[in-house]
Each structure stands twice: as structure tokens, then as C-alpha cells.
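Below is one structure, written out as C-alpha cells; comments come after it.
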Number of protein chains: 2
Amino acid sequence: MDASGQSPYSHRMDATTSTRKLGRRPKAVGGEAAREAILDAAERLFAARGFNGVTVRHIGEAAGVDPALAHYYFATKRGVFDAVFLRRAPPLNAERERLLDELEARPADEVTPADVIAAFVEPALERWAHGGPGWKAYLALVAQVNNTPEWGGETMTRYFDPVVHRVIALMRRCLPDAHDVDLYWCYHFLSGALTLTLAETGRIDRLSGGACASSDYPAVSTRLPEAMAAAFVAVTARGRASDR
Amino acid sequence: MDASGQSPYSHRMDATTSTRKLGRRPKAVGGEAAREAILDAAERLFAARGFNGVTVRHIGEAAGVDPALAHYYFATKRGVFDAVFLRRAPPLNAERERLLDELEARPADEVTPADVIAAFVEPALERWAHGGPGWKAYLALVAQVNNTPEWGGETMTRYFDPVVHRVIALMRRCLPDAHDVDLYWCYHFLSGALTLTLAETGRIDRLSGGACASSDYPAVSTRLPEAMAAAFVAVTARGRASDR
DNA sequence: GTGTTTTTTCAACATGCGGTGAAATATGAT
DNA sequence: ATCATATTTCACCGCATGTTGAAAAAACAC
């Protein structure tokens with residue numbers, strides 16, 4: 001379709017270091033700025049209204065940019081969405097891996113289920129609370145995708161399964177008698193509790209008559225690991241007669 | 001706009017009893033059949049692809065009906081959605097209320113947190129497992145709305161808050177030392193775990209390599225109340241120094 | 001049958017959609 | 001300045017959208 005030498009759509013995470021020196025690829029700072037503006041706007045809009053509730057024109061307008069630029073950089077609307085989803089996954093997972101490394105280095109009897117859960121949820125919760133509106137929108141988007149039938153499950157699998165497998169493995173280590181099926185189901189419950197929190201629908205605010213706030217990071221940070229650790233312990237405590 | 005005597009869009013839950021007798025309103029059985037066909041098709045499509053992922057033409061085609069009929073019966077696409085959401089809420093909540101009545105009639109020390117949770121989740125899980133594809137789609141739709149920012153929280157509040165307040169009240173009765181804030185947050189986690197289950201994304205199937213199935217009703221029914229009851233107990237066990 | 005009302009079909013509307021391709025502009029090397 | 005490339009703008013395409021109003025068909029009362 002395009003006869004130009006360089007195909008435009010590519011994830012260039014590099015080139016940010018040498019923006020002003022010469023080299024064979026100057027690339028332009030203006031280009032990257034527009035690209036990021038599109039991603040930021042799309043991130044916020046997709047999180048608020050879902051993939052089908054947003055148009056390329058909305059994104060362009062919100063980013064202060066011609067809508068056709070979205071196609072120039074990402075080829076298609078779905079390409080914009082994928083780029084949004086991809087952008088913040090590596091740093092988030094990297095910190096999760098780092099915390100899991102620390103736990104793995106400790107003796108097994110010095111690691112509690114709450115520690116493992118905290119290593120999984122805390123990197124997300126911390127960015128959700130203190131990472132700025134971009135992270136907040138991104139995590140709400142992840143939460144939304146996690147609860148979307150059909151392609152939701154597959155998308156989450158692709159981006160987040162490796163770290164989850166490590167969480168399960170660590171949990172297995174500190175709950176040696178647990179059946180794997182129980183561990184998977186408990187992770188499933190944990191995942192649901194976490195993603196509903198990140199979605200920040202405001203329902204708990206209304207339900208509690210203002211006693212609780214959807215955005216209350218300390219309230220979640222102290223209760224979620226405690227609650228779900230108890231869930232893991234209770235469910236895996238005894239041999240189970242039924243199923244499998 | 002319309003000069004005819006009877007405005008067409010109205011929730012007529014009556015008239016089903018006297019369909020064949022005379023009276024001033026014969027109403028027609030064909031009409032109700034088409035109406036239900038539209039709701040069934042819309043239910044399935046909205047659950048699978050979300051409000052904005054479905055068109056009125058899709059609904060008409062899936063229902064085997066002219067798309068304009070959707071406007072004849074429900075005035076607008078949003079009207080179809082609201083009618084879908086409304087249709088199955090009363091029977092679901094009615095059974096929840098019935099089970100909560102039973103628990104309320106029992107002495108407080110004979111009701112466990114797991115009982116209260118089961119009274120809340122079991123009516124949903126049972127229909128999800130054995131209620132047929134209509135209920136399955138409906139519950140997936142509820143799950144999706146529950147995790148939708150902005151209007152998701154408000155919609156859920158309107159339809160489901162009364163029964164949730166009764167759940168909290170019963171939980172307060174069997175955990176007398178609990179702080180209300182802790183109860184609300186634990187309900188929030190429970191709600192997240194339940195709705196992710198009902199969304200049935202298939203993620204746990206992939207994650208577990210087939211050891212777990214998203215649609216495994218006994219697996220959920222035995223574990224979810226147990227897990228979340230332990231969460232309630234653990235979080236509310238002690239006086240909490242932080243927040244509030 | 002006639003007449004009335006409800007239900008269904010059909011064609012069309014204004015608008016907005018994702019996407020395209022060429023022209024215009026900016027950028028930087030030589 | 002000149003040229004090549006990267007970026008941005010703009011007009012436009014074909015198509016799908018929600019919705020409408022009038023006509024046709026069916027259902028029913030008499």
C-alpha cells in the first residue's frame with residue numbers, strides 16, 4: 001500500500017535518549033509528542049467509555065490533533081487501543097516481578113499469603129493512587145478488559161499471565177498442602193476484587209452513604225491483601241472431597 | 001408526535017393473564033412474542049459485545065424481526081437496554097429477599113457469614129448455572145455494568161442497593177464488633193469476585209491449563225462463600241487504627 | 001362483510017463512522 | 001538554496017448508524 005521506505009507504525013521505545021544528536025534517524029520531537037498525546041487521550045476515553053464508545057475523531061479532538069494522525073501512527077483504531085494497552089504493561093509487570101523476586105529469595109516460612117498478594121496488587125494500587133490520571137485511566141481500562149467476555153480473557157492472558165503464574169507458584173510454596181484448583185479459584189476471586197476496585201465506579205460511595213470512597217488508597221491497601229489472604233487460607237485449608 | 005390514542009411503549013406486565021378474553025384491550029399474543037424475541041436477542045448481544053458494540057439492526061436480525069420493531073416497542077436503543085436490564089432483576093432480587101428473610105428469622109448466633117454470603121450469591125449462581133442461556137447472558141451483562149465507570153455505578157445502585165443493604169445489616173448482626181466501613185469494603189470485594197465469575201471470560205481456564213472451568217458451578221458455589229466469609233471475618237476481626 | 005386498532009414492513013433521512021490518498025508543511029542534512 | 005524525508009492537514013470515500021413516518025398487513029369487534 002505504501003511505497004515509502006520506512007513503514008511508520010512501529011513501537012520505538014528507543015530513540016528517546018538521542019533526540020538531539022545526529023545519527024541516521026533524527027525522528028523529530030514533535031512526532032513523539034503527538035504520538036503520546038494521542039495515546040493519552042485514547043487511554044482516558046477508552047477507559048471511560050469502552051472501545052466502541054469512542055471514535056477516532058473523539059481521540060483526535062481530545063488530543064488536539066488531526067484524527068488522521070491516529071491512522072498515521074497506529075494504522076487502525078484497534079492499533080491505537082493495543083498501543084495504549086501495551087504502553088504501561090511492562091513497567092507495571094516489572095515491579096511486580098521485582099517484588100516477587102524478593103519474596104522468592106526469602107525462606108519459604110517467612111513468606112505469608114498476604115505478602116504474595118501484596119506483591120501482586122501493591123504495584124497496581126500505588127500507581128492507581130499516586131501515578132497520576134494516566135495510570136488511573138490505564139488501570140480502569142485493564143479492569144474493564146478483565147471483565148469483558150470473549151476477547152477480554154485472551155487479551156489479559158497475553159499480557160499478564162507470566163506474573164500470575166509466579167504468584168500462584170509462590171502461593172503454593174507457602175501453602176504446601178493446597179490443591180492447585182483451589183489456588184486458581186482464589187486468584188480468580190482476588191482478580192475480581194482488585195479489578196472492581198481499579199474500575200472505581202463510585203458504587204461503594206453511594207452504597208455506604210459516603211462512609212467509603214472508591215479512591216481511598218489506604219483503605220484498600222490495608223484491607224485487600226488481608227481479606228484475600230484469609231480467603232486463600234480458608235479455601236485451601238483442608239482436603240476437598242468434591243471435584244477433580 | 002403521535003396522534004394515536006394509545007402510546008405504544010409501556011411496561012405492561014399485566015394483560016398476560018387475560019390474553020384471550022374480551023375486555024377493552026385484546027393486545028395480541030404475536031406482539032408479546034416479538035417483544036420477548038427482541039429482548040432475548042438484545043440480552044445476548046449486549047452481554048457479549050456491550051451497549052456500543054451492538055446495533056439495532058443486529059438485534060433485529062438476531063430476533064428474526066424488523067429492526068424498526070425495536071423502536072416501536074422500546075422507543076430507543078437505550079430503551080431496549082433498560083428493558084433488558086429490568087426484566088430479570090425482580091425475580092432475582094425476590095429470591096434473595098426470601099433467603100434473607102429466612103436468615104433473619106433465625107437466631108443471630110445460628111447465622112454465619114457464609115450463610116449471608118450464600119443467600120446473596122446463590123440465587124445468581126444457580127440461575128447462571130441452570131437458568132438457561134437467557135439468565136447466563138443477563139448475569140454477564142450485570143457483571144459488565146458493575147465494572148463500568150460512570151453510569152455503571154449508578155445503574156447498579158438503582159436496581160440492587162436494597163438487597164445489598166440487607167446483606168450488610170445481616171452481616172453486622174453476626175459480626176457485632178465489625179466497623180461498617182470494613183463491612184462495605186468486604187462487600188465490595190465480594191461483589192468483584194462474584195461479577196468476575198459471572199462474566200465468564202474463560203481466563204481461569206487458560207490460566208490453569210484446563211484444570212479449572214469458568215462455567216464450573218459447583219466449584220464456585222463451594223468456594224466463593226467460604227472464601228469471602230473468611231475475608232469478612234479476617235478484616236473485621238480487630239479494631240482498626242487507621243482511617244476514619 | 002365494514003371499520004378500528006394493533007402490529008409489521010419498508011424505504012428513506014441525516015449524521016457519523018473508520019479509513020485513504022494526495023497535497024501541504026515542517027524538519028534537518030548537505 | 002536544495003533536496004529528501006517525516007509529519008500534518010484536508011477533502012473525500014463507501015458504508016453503517018439510530019431513528020422516523022407512511023404504508024401495508026394482521027387481528028379483532030361488530
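Everything numeric in this text was worked out from a predicted model, so none of it was measured. In the text below, chain A, chain B and the rest are named by the order of the sequence lines, each starting its count at 1.
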With a 4.5 Å heavy-atom cut-off, do B:V121 and B:P225 have their side chains touching?
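When only atoms from C-beta onward are counted, B:P225 and B:V121 do touch, with a gap below 4.5 Å.
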OP1 or OP2 of [N] under 4.0 Å from side-chain N/O of [X]:
X     : N      : answer
A:T76 : C:dG19 : yes
A:Y73 : D:dA6  : no
A:T55 : C:dC17 : yes

Salt bridge between B:R78 and B:D82, side-chain N to carboxylate O under 4.0 Å?
yes
Hey, which of A:R88, A:E95, A:R96 is the one that makes side chain to side chain contact (heavy atoms under 4.5 Å, CB included) with A:L92?
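Result for side chain to side chain contact (heavy atoms under 4.5 Å, CB included) with A:L92: A:R96.
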Can you tell me the distance, in whole Å, between the [atom1] atom of [X] and the [atom2] atom of [N]?
X     : N      : atom1 : atom2 : value
A:H71 : D:dC13 : NE2   : P     : 17 Å
A:I59 : C:dG16 : CD1   : P     : 17 Å
A:R35 : D:dT7  : CZ    : P     : 10 Å
A:R49 : C:dC17 : CZ    : P     : 10 Å
B:N52 : C:dC17 : CG    : P     : 11 Å
B:E32 : D:dA27 : CD    : P     : 15 Å
B:L69 : D:dT20 : CG    : P     : 15 Å
A:I38 : D:dT8  : CD1   : C1'   : 10 Å

Please classify the nucleic acid contact of B:V54 as base, sugar-phosphate, or nothing, using heavy-atom distances under 4.0 Å.
sugar-phosphate
Which of the following nucleotides, [options], is nearest to the side chain of [X]?
X     : options               : result
A:R57 : C:dT8, D:dC12, D:dG18 : D:dC12
B:Y72 : C:dC10, C:dT20, C:dT7 : C:dT7
A:D66 : C:dG18, D:dG18, D:dT9 : D:dT9

Evaluate the ring-ring contact (aromatic ring centres under 6.0 Å, His included) criterion for residues A:F46 and A:F85: first the C-alpha distance (whole Å), next the side-chain angles of each, then the deciding distance (0.1 Å), finally the verdict.
CA-CA 10 Å; A:F46 282 144; A:F85 210 87; over 10 Å; no
A:M228 vs A:C186, test: side chain to side chain contact (heavy atoms under 4.5 Å, CB included). Steps then yes/no.
CA-CA 8 Å; A:M228 299 315 294; A:C186 284; over 6 Å; no
